[in-house]
Amino acid sequence: MILWVLMAVSIAVAAGVYLALSRDLFRVVVGLALLGAAVNLVVFAAGRMASRTPPLLAAASDAPAAAAADPLAQALVLTAIVISFALLCFALVLGARLRRVSGSDDVRAQRAAEPAAVDPVKPPELED
Amino acid sequence: MLVLSPLLVPLLTALLAVALVRHPRAQQWLSVVGAAVLVLCALALAVQVGAAGRESVALGGWPLPYAIEFVVDRLSAALVVIGAVLGLVVLVYQHSSADPAPASPMLHPLVHGLLAAVGGAFLTADLFNLYVWFELMLMVVLGLLVLGGGRRHLEAAFKYFALNMVGTLLFLAAVALLYGATGQLNFTALADAARHPSVHGAMPVYLALLAVAFLLKAGAFPLFCWLPASYHTLPAPLLALIGGLVTKVGVYVLLRLSGQVFLDTPAAFYDVLGWIAVITMVSGVLGAAYHWDLRRILAFHIISQIGYLLLAVALASPGAGAAGLFFLVHNILAKAALFLIAGIIWRSAGHYDLRRIGGLYPARPLLALLFLVAAFSLVGVPPSSGFWGKFLLVQQAFEAGRYAWGGFALAVGALTLYSMVKIWLEGFWKPHPDADRLAIRAARLEPAYSAVLVLVGLLLALGLYPQPFVHYAQLATVGFWAGGTP
Amino acid sequence: MRSDDPEARSGPVSGSWLAVLPLGLFAALVWGLAAVPLPWHGTVSWVPSLGVNLDWRVDALPAQFLLLITGIGTVVFLYAGGYLAHTPRAGRLYGVLLLFMAAMIGVVSADHLLVLFLCWELTSLTSFFLVGFKHTDAAARASARQALFVTLGGGLALLAAFILFHQITGSWSLHTIAASGPLLAADPRLPAALALLFIGCFTKSAQFPFHFWLPNAMSAPTPVSAYLHSATMVKLGIYLLARLDPAFNDLLIWEAVLVGVGTLTAVWAAVLALRERDLKRILARSTVSALGTLTLLIGLPNDGAALAVIAFLFAHALYKAPLFFVAGNIDHATGTRSIDHLMGLRRRMPWTTVAAVLAGLSMAGLPLSFGYVAKDVVGAAKSGADLVVVVSYGLLFVNAMAVAVAAVAAIRVFWGPMSPSFEKVREVSWAMRLPPLLIALAGLEFEFLPRFIDPLLIQAAQVMAPGADVGRLAVSHPFGSGFTAVEVTLAIGVVLFMFWERLHRWLGRLAHLDRFGPAAVFDALLGGLPRVAAWHTRTLQHGALDGYLRLTVAALLALGAAGWWVAGFPWPSTYPAGAGRWDLVAAATLIAAGAVAAPFLRDRLALLMAVGLVGYGSAALFLFAGAPDVAFTQFAVETALVVVASAVLPRYGRALRYAEPWVRNALLAAAAGFGTFVLLAGMFALPTDTSLAGWFAAHSLPEAHGRNVVNVILVDFRALDTLGEITVVLFSALAAWPLLRGLGHRERGVTTPRAVMLERVAGAAYWIMLAAAAWLLLRGHNAPGGGFIAALVAVAATALIAIVYGPLPARRRLPLRPVTLAAMGVLLALLSGLPGVVTGQPFLTHLWWTVPLGGAGFKLSTVLLFDLGVFFAVWGALAAYVLALLNDREEGT
């Protein structure tokens, strides 16, 4: 059963990589977001997903729940989710701005920082 | 508490700077004061560690290995000091007219955010905490890249983001897998757990994943595509700060992990790392030979010098580690000095492109002298700091029987010379195409010159009297790779 | 610089006064040699940790060199004062020249190999600046560059050789290594070390095939050429070879290489001298030839060769330097150095003529000159050795060429019909007349000179051949047995001189063979480097992000696979079981469905939905696997992301279909997925170590006073992670600030239709949501909730107001401006860690106080402050994004 989860995560990684290798700006960002989600699942999987019980100490007892889920993995996932969320917000805004400024969403059209090389040997043409 | 100062002081400065967003002058003063305080704290920390050897603090008062630990030893102390000095120097340079960063209210918070992230990365002894500081570094560098606002800046930022995101995600996955395999996150605990027979066989795989992530962050071949695509769009002071520090943090982590955490790594790992280092060296210097824009040339030289540092890690011995530390410090100083000098060149001669400038030797002799010291340091002409670094490295390589690696290290030095001589001939000796350009004396270059003088002075001191730091570096890496069999 | 300039005849100028420095050193040296017995040695500590100290040791061989360096140096400075009298920035040249002299002294006195190397490279460096003194001239720049690359490049080989010597013998000391012949010969690394040593010495001393830089270095001012490129710097390679000769003299490889290369260089350079028209270049070629002879002599195994080296070295310096000065005088006076035009100058420049003749005598090896003595010794050494015929005849030719060149420099230039354009030529200033005369006179064999010099030279030869009988320097006697050889050489030399022009023309016809010469090879290498660099950089830095990503992913996979290979291809031994977990399977199916669909969806909104499905599936997975906090956070974050992405979606325009290498992409993606699976399965197969998790669960309540273990870890046990996380969130808003600012105006647009019902409710809803957020915040420590979740609810509230009333009212309802709010949140979290420090504990140690309130005590703690900080930080940062984006939407996009 857990094997299905691992396979799902692997498929998500593959899909994320495929999208990230796209030429379309939006697909790249989305692909990286998907990849991030997949890696978050990997972090969670490090906790082995063995249990259904949340690591909450019941109000009555003071003893930890028996066979609760790994709290550390959950804490790590939370941090990872928040951080990748912050990054992705920035990326979406950057992508939007870039789309507006460059007028194209083709990643190969992003040539402003790469000067044209007109001669096979001589260095690129004069730049600012 | 002093142990935490390299993280907390810049963080505090950044936060207060955000509060002063509407008062630019106050923000600038706060920024410089914060940087100065950071330098003092870093020096105090280095003195403390120089005597005691190692200081550690477990945050939150909880016992190890459950708490996050911050450790300062001689290695991290030296790097923290250099990082702090670089931060202060760059902020002073920012006041000049030599290609300063745009006067955005977010500039100073971002710069101090970078110093905080770097400080955190140098000091933390917890693998997941390291990830957090790397993410902060990524975020801040992205912020600094888009400050320019133009199309090239945005494109550069996007490429940087996409490629580094992949690296970061790989790092996170590797951390997760390591935690899942060993159940530990603290470096010392990981080192013990890695020796457990049950996980021992899989360790090289996890180390490889981590190493690859850091090779990407450091800018090794073939993972360095993001560097020449983005760095040259930065203004000179930011380029000096980012180019001088960010890639070096990746190398530092590799050194730390392979020297103290993953101790029973098979020799084949270091073989591969060594050859990657050699190819990186050559690749970087070839890129530098192709370009004529000063910033691009120097950006490729970052890659080439990273090759040297990776070679030090690949030699896997305390002596090589000492050579690596010496080379790290020398390299940060030399590269930062060169980037800042490039900014002054731009202001004086009008362009970054070597084909459009010239005549700086007769017109600006002080600048010429500063450039010579920094450039020859980078090349490794004796008696500069670069010579000692390269000598240490080549000697270690020969002693380990790696004659090919040592030979490449020397040969790449010759190619670096080619590049620096090109800059000298085109920028300083050749007459300026526009004869009157140099007659105009740019205003407000004193902060820039002061900043460069500090860095070049440190370089000269390191080159002419290396004994104190060589001794320090040799003490710093005692015990690295101990008990392991590279 | 013509001599009809009246100021050219003025007395010694400021530069010449610097000659007192080398003069003083020379005098001190002479006094020292007379008073204190050699060897002199000492050491200054420099870098003891590396075993590098300033060890110096002067025995007879360095002493001879020091005499040359300081003696000729004195005269050079004197001359330079006159030569550069009207040159701007001559002061820089003097400074570099002094530095050069110091470096030369350093090389010959150093006993530590690395100190020697240091000074060696310094001489190359100073030479670069001296050759490129007229830096506005492109040819001078090119020559300087060429010289630097060749000599500094050779220096790198020398460094490698030195390190190897140290490794083999364990010592850095030059004289120890020179005495360690057997130890070195036994080591298998010796041939490599010797090869590197040869490269280093041959580049410095312009031996074949590294000889081509020396004639080009003649673009330097004449004093520099006289000093560096004839008398001192180029002899350094010879010096080092001579020093190490005692260790290697018995080796066949030493003899073969040195004799071979030396002969080849000597003959080659002699032939090429015939092709030159520039007087200085002719002299430069003959210098190379002399250096070749010296190399050859060092290689000779017999004992007499040592004295030959020493004597010839000395003699060469004494006759070459004045000839260079003569060339400089001629250039200064007439403005040209081409032998095509220079003739009959003796009447105009008598002093220079005398100097040239005297020096020429010595160069030709005529009796009464030291050159004769030297050639005599050389001849004796030759006959003492068992030389190949080619070498023998080659040497004969070389000596004859020396005669011919001497004749050109001394006779042809000064005798013969003078061109009318030289009517106005005047003799040069005294500062320029004296030096060549002084040195040329010193090169004559007067009675007093041998008594002083000969013992020193013989001692120096003994350093080269310790313990052997090195012979004697013959006193010059015109009618002795060696005369016949001299006669033959003279005769051939005179013939060559007479046929100079014809030979020159004949060689000129062979000019097309130049492209196979070493100079052409060097130029090809230098020109080829940009080609290689261009190909390499253009291939790697092509500018297409998808290409970069492909390369990166492929490299990551390859290196990861390499790591797998190094580990021995471990494969998971067991697969995780987890029977009956259908809930997990359901969640996994959602994730897989979304992931599988995503690449095929072209429509952007659909793509977003597919990715959202993956996110929601993850949230479900978290819930089913016992992580409610995580599930809620994931759910909220995914919703926020989908909403934000949809908001910016219109900006992206229609989705165009681009031609992509989808097969390659698919393969990489599949490999990545496979790798992930193997890694995950492998991890699951390893035994778990739950010590950390167990400890956290056990200590969460008693010591951290919290029942929600995850939250306790986040805000207490590993609070620094959370502090870093909210810093990242803050900086995300800071970084995006310039991007968000340009997104729209601050005024409220009027295009959104007002939903009146919503308006009535919105105000109240805002406060209800904030209350809910506060509740979530407060309960987080003991139940699912916490600062981040509370912040997400608060952001939703802000978004609601912004949608209904507009961004400005929403902003006004925030306690502070969004970015400032976020920063203050992080600050609060940071400050909450300080009270612990006040009580002497580490940072982020949380303190608890119990406030007696009602029945049970009410617990107050810094944890709440920390969580509050988290709350404000996330609220502020996300509000910044939301408000800016909604602002933009109102612009009617």
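Order of the sequence lines fixes the chain letters, A, B, ..., with proteins taken first and strands second; residue numbering starts at 1 for each chain.
Across B:Leu163, B:Val470, B:Leu144, B:Val421, the residue that shares the most heavy-atom pairs under 4.5 angstrom with chain C is B:Leu163. Among B:Tyr465, B:Trp388, B:Phe300, the residue with the largest count of heavy-atom pairs under 4.5 Å with chain C is B:Trp388. Looking only at heavy-atom pairs under 4.5 Å with chain C, the residue among B:Ala414, B:Ala289, B:Gly287, B:Gly359 that has the most is B:Gly287. Comparing B:Met106, B:Lys390, B:Met203 by how many heavy-atom pairs each has under 4.5 Å with chain C, the most go to B:Met106. Per-residue heavy-atom pair counts under 4.5 Å with chain B were compared for C:Leu720, C:Val729, C:Thr552, and the maximum is reached by C:Leu720. Across B:Pro65, B:Cys225, B:Ala411, B:Gly143, the residue that shares the most heavy-atom pairs under 4.5 angstrom with chain C is B:Cys225. Comparing B:Ala157, B:Ala288, B:Gly380, B:Ser283 by how many heavy-atom pairs each has under 4.5 Å with chain C, the most go to B:Ser283.
Other residues, nucleotides and ligands place more than 12 heavy atoms under 6.0 Å from the NE2 atom of C:His542.
With a 4.5 Å cut-off on non-hydrogen atoms, C:Leu830 touches chain B through its side chain but not through its backbone. In this structure, the portion of B:Leu154 lying under 4.5 Å from any heavy atom of chain C is its side chain and not its backbone. For C:Leu816, no part lies under 4.5 angstrom from a heavy atom of chain B. Heavy atoms of B:Leu4 lying under 4.5 Å from chain C belong exclusively to its side chain. In this structure, chain C has a heavy atom under 4.5 Å from the side chain of B:Phe221, while its backbone stays farther away. Heavy atoms of B:Leu170 lying under 4.5 Å from chain C belong exclusively to its side chain. Proximity to chain B (any heavy atom under 4.5 Å) is shown, for C:Val115, by neither the backbone nor the side chain. For a residue to count as touching a neighbouring chain, one of its non-hydrogen atoms must lie under 4.5 Å from one of that chain's; by this rule B:Leu216 touches chain C with the side chain only. Only the side chain of C:Ala144 comes within less than 4.5 Å of a heavy atom in chain B; its backbone stays farther off. With a 4.5 Å cut-off on non-hydrogen atoms, B:Leu207 does not touch chain C at all. If you measure heavy-atom distances from C:Ile713 to chain B, you find no contacts under 4.5 Å at all. Proximity to chain B (any heavy atom under 4.5 Å) is restricted, for C:Leu152, to the side chain, taken from C-beta onward. With a threshold of 4.5 angstrom between heavy atoms, B:Phe70 approaches chain C through side-chain atoms but not through N, CA, C or O. Residue C:Leu686 touches chain B through its side chain alone, counting heavy-atom pairs closer than 4.5 Å. Only the side chain of B:Trp424 comes within contact range of chain C, with heavy atoms under 4.5 Å apart. Neither the backbone nor the side chain of C:Thr690 comes within contact range of chain B; no heavy atom of the residue lies under 4.5 Å from a heavy atom of that chain. Heavy-atom distances place no part of C:Leu196 under 4.5 Å from chain B, backbone and side chain included. No part of C:Leu847 comes within reach of chain B, as not one of its non-hydrogen atoms sits under 4.5 angstrom from that chain. For C:Leu692, the parts lying near chain B are the backbone and the side chain together; criterion is any non-hydrogen pair under 4.5 Å. If you measure heavy-atom distances from B:Val21 to chain C, you find no contacts under 4.5 Å at all. With a 4.5 Å cut-off on non-hydrogen atoms, C:Phe684 does not touch chain B at all. Of the two parts of B:Met1, only the side chain, counted from C-beta on, holds a non-hydrogen atom closer than 4.5 Å to a non-hydrogen atom of chain C. Both the backbone and the side chain of C:Val819 come within contact range of chain B, with heavy atoms under 4.5 Å apart. Using a 4.5 Å cut-off between heavy atoms, B:Leu372 contacts chain C through its side chain alone, with no backbone atom that close. At a 4.5 Å heavy-atom cutoff, the contact between C:Ala160 and chain B is made by backbone and side-chain atoms alike. Only the side chain of B:Ala14 comes within contact range of chain C, with at least one heavy atom under 4.5 Å from a heavy atom of that chain. Heavy atoms closer than 4.5 Å to chain C are found nowhere in B:Glu155, neither backbone nor side chain. Contacts of B:Gln395 with chain C are made by both backbone and side-chain atoms, with heavy-atom separations under 4.5 Å.
Ion pairing of B:Glu426 with B:Lys422 is absent here, as no side-chain N (NZ or NE/NH1/NH2) approaches a carboxylate O to less than 4.0 Å. For C:Asp137 and C:Lys134, the salt-bridge test fails: no basic side-chain N is under 4.0 Å from an acidic carboxylate O.
Taking the six-membered ring for Trp and the full ring otherwise, B:Trp226 and B:Phe158 have centroids separated by 6.0 Å or more. Aromatic rings of C:Phe117 and B:Phe387 (six-membered ring for Trp) have centroids within the 6.0 Å cut-off, being under it. For an aromatic pair to be called close, the ring centres must be under 6.0 Å apart, and B:Phe128 with B:Tyr179 fails this. Taking the six-membered ring for Trp and the full ring otherwise, C:Trp564 and B:Phe269 have centroids separated by 6.0 Å or more.
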Q: Carefully, step by step, assess B:Thr182 and B:His196 under the rule side-chain contact (heavy atoms from CB on, under 4.5 Å).
A: CA-CA 9 Å; B:Thr182 61; B:His196 236 278; over 6 Å; no

Q | Test ring-ring contact (aromatic ring centres under 6.0 Å, His included) applied to B:Tyr472 and B:Phe469, step by step | A | CA-CA 5 Å; B:Tyr472 181 94; B:Phe469 194 62; 5.7 Å; yes

**Q.** Verdict with supporting geometry, C:His699 and B:Tyr66, ring-ring contact (aromatic ring centres under 6.0 Å, His included)
**A.** CA-CA 11 Å; C:His699 292 252; B:Tyr66 311 109; 7.2 Å; no

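Inspection of the C:Asp721 and B:Asn129 side chains reveals an N or O donor paired with an N or O acceptor under 3.5 Å. Side chains of B:Tyr290 and C:Arg538: a donor-acceptor N/O pair is present below 3.5 angstrom, by distance only. Side-chain contact of B:Thr124 with B:Asp126: a donor-acceptor pair under 3.5 Å is absent, judged by distance alone. Of the N and O atoms on the side chains of C:Gln541 and B:His291, at least one donor lies less than 3.5 Å from an acceptor on the other residue.
What you find for C:Gln167 and C:Arg189 is that their closest heavy atoms are NE2-NH1, 3.5 Å. Nearest heavy-atom pair across C:Leu526 and C:Pro530 is O-CD, 3.0 Å. Residues B:Leu15 and C:Ala823 share a closest heavy-atom pair of CD2-O, 3.6 Å. Residues B:Val205 and C:Ala567 share a closest heavy-atom pair of CG2-CB, 3.7 Å.
With rounding to the nearest 0.5 angstrom, the CZ atom of C:Phe128 is 9.5 Å from the CZ atom of C:Arg145.
A donor-acceptor pair under 3.5 Å is absent between the side-chain atoms of C:Thr845 and the main chain of C:Gln841, judged by distance alone.
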